[in-house]
J.: 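My questions all concern the structure below.
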There are 2 protein chains.
Amino acid sequence: MARKTGSHADITGPAIKASALRLFARSGYAAVSMREIAGDVGVRAGALYLYTPDKQTLLFDLLREHMEHLLASWTAAKSGATPLERLETFVHFHVDYHFDRSDEVFLSYMELRNLSPDNFGRIEVMRRRYEAELEAILCDGDASGAFHLPDLRVTTRAMIAMLNGVLTWYREDGHLSRDSIRKMHWQMARGMVQA
Amino acid sequence: MARKTGSHADITGPAIKASALRLFARSGYAAVSMREIAGDVGVRAGALYLYTPDKQTLLFDLLREHMEHLLASWTAAKSGATPLERLETFVHFHVDYHFDRSDEVFLSYMELRNLSPDNFGRIEVMRRRYEAELEAILCDGDASGAFHLPDLRVTTRAMIAMLNGVLTWYREDGHLSRDSIRKMHWQMARGMVQA
DNA sequence: TGTCTATCTGAACATCCGTTCAATTCAATC
DNA sequence: GATTGAATTGAACGGATGTTCAGATAGACA
């Protein structure tokens, strides 16, 4: 096996994260062993510990990097003057993000309970920050009379739950284009807030 | 330990299912050991095998019984003449069911991937049957002009995803009454179908 | 009172788990 | 060609896992 000093690690490190992400998303954190991840990478289990201190940190780093990327992407994407425009931007962004990074998104809401309490707290802070972005849009729209919400927090969570639903089936319906799914969810979201 | 022939089994059997349900829902199927379940019941691990052939069947039976109960409950509850009334009944039923049996519902959509392929297929058939109940309501409403749906299947799944969202937070907001949550979700569901 | 039998224990089975580490490999450097 | 050091192996660690089963226990019945 070829080994170049200081360069092979640049391959193995990301490869481990990619394999762990895919396997965790497919079978669940608890059901995937370190040997299984190593085998997928093409390496022995011991080698993983050159790149992560333990399995728990491997999961945590995947979720943390995902949340950081999600927040940064939204910060770059957010736009719109009116609450309605801002909500449309959010819905499109959210659905698109789910298409592009389905494993990360799926993992981040399925494996929260396998994080240690400390790590859970850190991820939860970021998750709430993202949720607050939507909540702010809905809040402004409700205040301006553009939306009519039964309850701010409940609507925020219900809308995120609805949008996350794409995750469970989007692979099946190959005949629906991403753009049509995006538009449909925007129509339903607009209905939810009675705009 | 007192033991009455032919009667103690009537206690231990259901106790095992209750413990397994709660522990699986809390920590996940793969993360809960048979010894842990036995300890919760107040029995040794070996005794579990008088009531289930193996761990996999224990999970499957929990999900199967839940789905059978869900379908039977809906059959008993379904009512309404117009699509709008039928939809309202469905939304109220679904939200109420989630309140009353949150562990079962949570388990049934978190642990599907830990079922063997055969068992997964059996549960999936029942899950689709339930989904079809909502789809039929939406289909009739769309045909009669009462609803305006972008896509029948997408709307069905998006609505179930939204309603399932209650599971993730309903414990926190103790200040919201069940009735108010029910009404809010009905308002949002009605908006989603543009009724 | 003694027998029967449903119920449960306690110990064992093979196998897997996450993790550690001395020994090895080999590209890069001198 | 010899040396260096990053990258990886392979074997081992203690412990947990699902499952089995001969034997103990104790209520029910003769």
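Quick caveat, the model's predicted, so the values are computed rather than measured. Numbered from 1 within each chain, the chains take letters A, B, ... in sequence-line order.
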J.: Ignoring the backbone of A:Ser33, work out which of D:dG18, D:dT9, C:dG18 is nearest its side chain.
T.: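 Nearest nucleotide to the side chain: C:dG18.
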J.: Among pairs that include at least one residue of residues 40-50 of chain A, which meet salt bridge (Lys or Arg N to Asp or Glu O under 4.0 Å), considering only residues two or more places apart or in two chains?
T.: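 Only A:Arg22-A:Asp40 qualify under salt bridge (Lys or Arg N to Asp or Glu O under 4.0 Å).
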J.: Which angle, rounded to 10°, do you find between the first-five-pair axis and the last-five-pair axis of the helix from C:dT1-D:dA30 to C:dC30-D:dG1?
T.: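 What I find for the helix from C:dT1-D:dA30 to C:dC30-D:dG1 is an axis angle of 10°.
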J.: Quick one: which of D:dT9, D:dT19, C:dT9 gets closest to the side chain of B:Ala45?
T.: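 Within the option list, the nearest is D:dT19.
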J.: What nucleotide among C:dC8, D:dT8, D:dG10 has an atom nearest to a side-chain atom of A:Arg44?
T.: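 Looking only at side-chain atoms, A:Arg44 lies closest to D:dG10.
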J.: Rounding to an integer number of Å, can you tell me how far B:Leu23 CG sits from D:dG18 P?
T.: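 To the nearest whole Å, that distance equals 12 Å.
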J.: Choose from D:dT19, D:dT8, D:dT17 the nucleotide whose nearest atom is closest to any side-chain atom of A:Thr12.
T.: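 The closest nucleotide is D:dT8.
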J.: Expected output is a numbered-order residue list: members of residues 48-57 of chain B with a heavy atom under 4.0 Å from any atom of DNA chain C. What is it?
T.: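 When residues 48-57 of chain B is checked for heavy atoms under 4.0 Å from DNA chain C, the hits, listed by number, are B:Leu50, B:Tyr51.
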J.: Each nucleotide N or O in nucleotides 11-15 of chain D that has a protein N or O under 3.5 Å away: list the pair and distance.
T.:
| unit_1 | atom_1 | unit_2 | atom_2 | d |
| --- | --- | --- | --- | --- |
| D:dA12 | N6 | A:Arg35 | NH2 | 3.3 |

J.: So what does B:Val32 touch, heavy atoms closer than 4.0 Å: a base, only the sugar-phosphate, or nothing?
T.: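 Sugar-phosphate, no base atom in range.
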J.: Can you tell me which residue pairs pass the salt bridge (Lys or Arg N to Asp or Glu O under 4.0 Å) test with a partner in residues 73-91 of chain A, sequence neighbours excluded?
T.: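 Listed once each, the pairs are A:Lys78-A:Glu133, A:Arg86-A:Asp140.
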J.: Can you list everything that forms a ring-ring contact (aromatic ring centres under 6.0 Å, His included) with B:Phe93? Sequence neighbours excluded, please.
T.: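 With neighbours one apart ignored, the set is B:Trp74, B:Tyr97.
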